[in-house]
Amino acid sequence: AQSVSQHNHHVILSEAASLELGCNYSYGGTVNLFWYVQYPGQHLQLLLKYFSGDPLVKGIKGFEAEFIKSKFSFNLRKPSVQWSDTAEYFCAAYNTDKLIFGTGTRLQVFP
Amino acid sequence: DVKVTQSSRYLVKRTGEKVFLECVQDMDHENMFWYRQDPGLGLRLIYFSYDVKMKEKGDIPEGYSVSREKKERFSLILESASTNQTSMYLCASTTGGGNEQFFGPGTRLTVL
């Protein structure tokens, strides 16, 4: 079955630390990839997406992600996190007819 | 701006009750989705719809049904609520295919 794996379930960082959240998907072929974020008490919103072209995509709030086809990965990065980045992050992949979500990574950033 | 609204933010029901969760989107999107979100499990797809009166089962459809009588409205129905259906329910819509999905604020349902 198709699946998306996020290996980091809970990440705790201090402000200004660098962030990398892992995401791997299980199927080959054409795939659209997404990172969504859910801030406390808010609805899920799109951080960034990859459909084709440049494998390094930039999103909102200084986030970026790199698509590495050979590794089936789409890791999320930010060079310097802020307290306001505290949220839950979901990786998702679209193939055929629906989005498959990972289990999410809870990020806590302390001042 | 796309707006997806859900009828309630919080809902408390009793076991065996019939529960209706409503979702409305205002951007004429063809596709609409219902997910449930549980800690450690991420989002799991319950049902989706590509068009009015059409529905497709997602990954966890058991115990749920849906209705789409109008393009902008997609309802999730729990025929006989059970405690294991206590969860956060999210509605989403999209123009189609693999495009970005837009999410509503969610309904936190508690079944006692």
Side-chain angles (χ1 to χ4, degrees), chain A residues 1-11 21-27 29-53 57 59-60 65 67 74 87-106 108, chain B residues 1-10 23-27 29-51 54-61 66 74 87-108:
Chain A
Q2 300 166 350
S3 66
V4 173
S5 299
Q6 292 181 244
H7 304 294
N8 315 102
H9 299 295
H10 190 189
V11 174
L21 301 182
C23 173
N24 290 91
Y25 60 96
S26 67
Y27 40 88
T30 303
V31 61
N32 294 350
L33 297 163
F34 304 82
W35 275 98
Y36 283 86
V37 61
Q38 189 174 36
Y39 297 104
Q42 296 189 26
H43 62 275
L44 225 64
Q45 55 188 284
L46 184 72
L47 260 184
L48 48 78
K49 61 188 177 186
Y50 172 80
F51 287 1
S52 64
V57 292
I60 61 171
F67 170 59
F74 189 56
E88 190 153 18
Y89 293 81
F90 294 93
C91 181
Y94 178 86
N95 182 262
T96 307
D97 62 355
K98 58 188 179 182
L99 264 184
I100 307 293
F101 282 86
T103 52
T105 297
R106 184 174 168 223
Q108 280 184 289
Chain B
D1 253 6
V2 175
K3 195 162 184 185
V4 180
T5 56
Q6 294 183 229
S7 50
S8 307
R9 289 302 301 270
Y10 300 94
C23 174
V24 177
Q25 50 94 4
D26 66 359
M27 284 301 292
H29 284 170
E30 288 81 14
N31 299 353
M32 296 187 73
F33 305 81
W34 275 106
Y35 297 89
R36 63 178 282 175
Q37 181 181 8
D38 299 288
L41 297 178
L43 276 72
R44 293 179 292 166
L45 183 63
I46 304 171
Y47 267 96
F48 58 108
S49 169
Y50 288 139
D51 202 349
M54 296 188 68
K55 59 185 179 183
E56 298 284 342
K57 290 181 180 179
D59 299 315
I60 51 165
V66 290
F74 191 35
S87 186
M88 172 70 85
Y89 290 88
L90 300 179
C91 176
S93 72
T94 183
T95 51
N99 294 327
E100 173 190 355
Q101 290 187 13
F102 294 87
F103 285 84
T107 296
R108 185 167 293 283

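Reminder, nothing fancy here: chain letters follow the sequence lines and each chain counts from 1. Everything numeric here is computed off the predicted structure, so don't read it as measured data. The analysis underlying the following values was restricted to heavy atoms, covering all of them including side chains, and did not include hydrogens, waters or symmetry mates.
- Remark: A/Phe67 pairs with A/Tyr25, A/Leu33, A/Tyr50, A/Pro55, A/Lys69, A/Phe74 by the side chain to side chain contact (heavy atoms under 4.5 Å, CB included) rule, at least two apart or across chains.
- With a 4.5 Å cut-off on non-hydrogen atoms, A/Glu88 touches chain B through its side chain but not through its backbone.
- For a residue to count as touching a neighbouring chain, one of its non-hydrogen atoms must lie under 4.5 Å from one of that chain's; by this rule B/Asn31 does not touch chain A.
- Listed for the A/Thr103 side chain is no donor-acceptor partner under 3.5 Å among the backbone atoms of B/Gly42.
- For A/Tyr36 (side chain) and B/Gln101 (main-chain N/O), a donor-acceptor pair under 3.5 Å exists by modelled atom type.
- With a 4.5 angstrom heavy-atom cutoff, B/Glu56 does not touch chain A via any of its atoms.
- The side-chain hydrogen bond (donor to acceptor under 3.5 Å, both in side chains) search around B/Tyr50 returns none, not counting sequence neighbours.
- If you measure heavy-atom distances from B/Arg44 to chain A, you find no contacts under 4.5 Å at all.
- Listed options B/Gly40, B/Gly106, B/Pro39 were ranked by heavy-atom pairs under 4.5 angstrom with chain A; first place goes to B/Gly40.
- Looking at A/Gln45, neither its backbone nor its side chain comes within 4.5 Å of chain B, counting heavy atoms on both sides.
- Without hydrogens or angle criteria, B/Ser8 side chain to B/Thr107 main chain gives no donor-acceptor distance under 3.5 Å.
- With a 4.5 Å cut-off on non-hydrogen atoms, B/Leu45 touches chain A through its side chain but not through its backbone.
- In this structure, the ring of B/Phe102 has its center no less than 6.0 angstrom from the ring center of B/Phe33.
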